[in-house]
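What follows is a set of notes on a single structure, which appears directly below.
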Amino acid sequence: MSVDHRVPHAALELLLSCGYDTTSVEELAEAAGVSRSTFFRRYGSKEDMVFADQDERLAAARAALVRHSDEGPGAVVHAALTVFDTQTADPELARLRWRLMHKVPALRDRELVSTHRFERLFRDHLLSDVPRPAEGEVPPRPDRRRVAAVALAAAVVSVHNDFLRSWLRSQGGDVRPALERALQGLVQRHGHEAAGTGPRATGSTVVVVTAAGGPHEVAAEVERALRERG
């Protein structure tokens with residue numbers, strides 16, 4: 001028997017109009033059109049009801065990573081866009097929840113936990129070929145690749161969230177194409193290092209040939225050459 005993970009709009013509206021802390025579970029159950037026992041069985045708590053579709057979004061992102069795994073780090077773009085699509089599929093729900101989070105600090109904290117779950121999912125994809133430490137084994141210190149993967153995963157989630165907030169404020173403007181371009185740009189710049197699939201940058205070698213001049217002239221020529229290399 002499948003569990004209904006839909007978030008009831010009427011219950012969120014009740015929380016907004018009557019207050020999060022003062023609204024009882026019985027009142028929420030009535031607004032959702034279910035009994036008190038069904039409410040607890042389906043959602044567990046008031047807070048869990050607000051984020052009842054969170055696990056489905058995470059599962060959708062994980063499935064997108066699997067479908068596009070042959071694209072390496074590019075798969076995180078598809079996963080992040082999948083999350084965006086699921087969050088914007090029901091505009092009324094998205095805005096009700098957004099308004100509610102602005103009023104209730106505990107819900108904002110819960111949203112931060114959700115953000116970390118997506119960051120961890122994307123980071124693990126980027127490092128999927130790196131063996132994990134055995135239970136009880138001290139993990140190695142983060143190397144350059146791991147730092148890049150952690151940073152890229154966090155950047156993808158942060159950019160996604162910023163575009164989502166823009167969409168919420170713009171009353172449904174079409175920001176998805178710009179989001180896709182922004183995410184692709186992040187992966188193009190940092191994806192190879194995060195996935196360990198590119199040449200390692202070990203510094204620049206610059207050869208300067210000068211016919212004459214003292215140390216200051218040579219140093220100035222080296223500086224000019226380095227600037228030209230970017």
Side-chain angles (χ1 to χ4, degrees), residues 2 5 51-91 93-94 97-98 110-134 137 139-170 172-204 229-230:
S2 62
H5 294 288
F51 296 99
D53 55 349
Q54 187 180 90
D55 286 343
E56 286 191 343
R57 293 202 306 271
L58 195 69
R62 186 177 292 109
L65 291 174
V66 172
R67 286 197 306 274
H68 299 279
S69 59
D70 59 333
E71 297 183 35
V76 300
V77 174
H78 296 284
L81 290 173
T82 296
V83 177
F84 184 83
D85 291 341
T86 59
Q87 289 184 303
T88 57
D90 188 338
L93 170 61
R97 184 155 45 198
W98 186 51
R110 173 69 175 265
E111 183 67 10
L112 285 175
V113 173
S114 171
T115 294
H116 292 312
R117 293 178 73 190
F118 285 100
E119 286 182 12
R120 186 167 62 248
L121 177 67
F122 295 163
R123 178 204 67 199
D124 288 349
H125 168 77
L126 294 168
L127 299 172
S128 58
D129 62 325
V130 177
R132 294 189 178 186
E137 182 182 349
R141 293 180 61 184
D143 58 10
R144 181 171 181 168
R145 177 184 172 184
R146 184 174 181 84
V147 169
V150 170
L152 179 57
V156 167
V157 172
S158 294
V159 169
H160 165 277
N161 290 347
D162 192 55
F163 272 84
L164 179 62
R165 286 189 292 268
S166 177
W167 177 84
L168 288 163
R169 289 191 296 265
S170 65
D174 188 12
V175 302
R176 191 185 190 279
L179 169 61
E180 184 171 6
R181 290 193 297 271
L183 295 176
Q184 288 174 341
L186 283 174
V187 170
Q188 286 169 3
R189 288 192 295 274
H190 308 294
H192 291 300
E193 185 175 21
T197 58
R200 287 184 174 270
T202 57
S204 298
R229 289 175 62 90

When rounded to the nearest 0.5 angstrom, what distance separates [atom1] in [X] from [atom2] in [Y]?
X    : Y    : atom1 : atom2 : answer
S114 : L112 : OG    : CG    : 9.0 Å
T82  : Q87  : OG1   : CD    : 11.5 Å
L81  : F163 : CG    : CZ    : 10.5 Å
T86  : Q54  : OG1   : CD    : 11.0 Å

Any side-chain heavy-atom pair of [X] and [Y] under 4.5 Å:
X    : Y    : result
E71  : V187 : no
R169 : W98  : yes
D90  : D53  : no
F84  : V175 : yes
L183 : E180 : no

Salt bridge check, D162 against R165: does any charged N sit closer than 4.0 Å to a carboxylate O?
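Counted as a salt bridge, because a side-chain N and a carboxylate O are separated by less than 4.0 Å.
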For the pair D55 and R117, find out whether any cationic side-chain nitrogen is under 4.0 Å from an anionic carboxylate oxygen.
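Between R117 and D55 there is a salt bridge, with a charged N closer than 4.0 Å to a carboxylate O.
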State, to 0.1 Å, how close [X] and [Y] come at their nearest heavy-atom pair, and which atoms those are.
X    : Y    : answer
R123 : A153 : N-CB, 3.6 Å
F51  : R97  : CA-NH1, 4.0 Å
L152 : A194 : CD2-CB, 3.9 Å
V83  : H160 : CG1-NE2, 3.7 Å
A61  : L121 : CB-CD2, 3.8 Å
L126 : R145 : O-NH2, 2.9 Å

Check: S69 side chain, V66 main-chain N or O, donor-acceptor pair, under 3.5 Å:
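Yes: the side chain of S69 pairs with the backbone of V66.
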Does E111 offer a backbone N or O that forms a donor-acceptor pair with the side chain of H116 under 3.5 Å?
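Between the backbone of E111 and the side chain of H116 there is no qualifying donor-acceptor contact (under 3.5 Å).
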Determine the interplanar angle of the H68 and H78 rings, folded into 0 to 90°, and report it as parallel if under 30°, tilted if 30 to 60°, perpendicular if over 60°.
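Ring orientation of H68 relative to H78: parallel.
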